[in-house]
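Position 1 is the first residue of the sequence; numbering continues from there. Every number for a ligand or one of its atoms is a count from 1 in the order of the listing. Computation of the quantities below employed the complete heavy-atom set of this structure, encompassing side-chain atoms and omitting hydrogens, waters and symmetry-equivalent molecules.
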Amino acid sequence: MTSLPITLTINGHRHELEVDPRVTLLDLLRERLDLTGTKKGCDRGQCGACTVLVDGNRINSCLALAVSHDGADVLTIEGVARGEELHPVQAAFIAHDGFQCGFCTPGQIMSTLGLIAEGQAGDDPERIREGLSGNICRCAAYGGIVEAVLEAQQQLAKADRRTAA
Ligand code: FES
Ligand code: FES
């Protein structure tokens, strides 16, 4: 099949690529760009392990054809830390044991970033559980994940207030 030219900005870097139109964003990230942090747990939109942010919105990259997102801005787990410094959401996942095997973790963290950006995290654990219900964890780290999201959300809100003041 003929490849199509697309441009993607991934974690702040611009990539000009020739892509088979059948290739998903997930496979493009993992197999062409060696960004293997984004995981494939099902490849059919049911587990959330492949969650990334595209133009700020969380999506299942296994259900997204790369060519459909020509020109998009993609953030993957590899682009979340600021240099050596972990993002508050990453640090909170560690502090609260929000993972065990770690396979769902990149997706959980990207989904959390999306949830916070949507203004949907709030301080109600039930709402967080609902908001992250598209991200399955077989190690059942959900308790720690919810605590991590609550803490990260509070810290980010505080930081926002400081910036606004
Ligand atoms: S790999 Fe995409 S939702 Fe499971
Ligand atoms: S930490 Fe193992 S699947 Fe979530």
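- The pair Lys40-Asp43 counts as a salt bridge, with a side-chain nitrogen and a carboxylate oxygen less than 4.0 angstrom apart.
- Side chains of Ser3 and Asp20: no donor on one and acceptor on the other come within 3.5 Å.
- Residues Leu132 and Ser111 approach most closely at CD2-OG, 3.5 Å, considering heavy atoms.
- Neither side chain, Arg58 nor Thr51, offers a donor N or O lying under 3.5 Å from an acceptor on the other.
- Of all protein N/O/S atoms, those under 2.8 Å from atom 2 (Fe) of ligand 1 are Cys50 SG, Cys62 SG, and waters are not counted.
- Put simply, the side chain of Glu78 gets close to the backbone of Gly37: a donor and an acceptor are under 3.5 Å apart.
- Here the options are Gln155, Lys158, Glu151, the test is side chain to side chain contact (heavy atoms under 4.5 Å, CB included), and the partner is Pro88; only Gln155 passes.
- Atom CG of Asp123 sits in a sparse spot, with 12 or fewer heavy atoms from other residues, nucleotides or ligands closer than 6.0 Å.
- Between Arg129 and Glu126 a salt bridge is recorded (basic side-chain N to carboxylate O distance below 4.0 Å).
- Counting non-hydrogen atoms of neighbouring residues, nucleotides and ligands closer than 6.0 angstrom, the CD atom of Glu130 reaches no more than 12 such neighbours.
- Residue-and-atom listing of protein N/O/S atoms under 2.8 Å from atom 4 (Fe) of ligand 2, sorted by chain and number: Cys104 SG, Cys137 SG.
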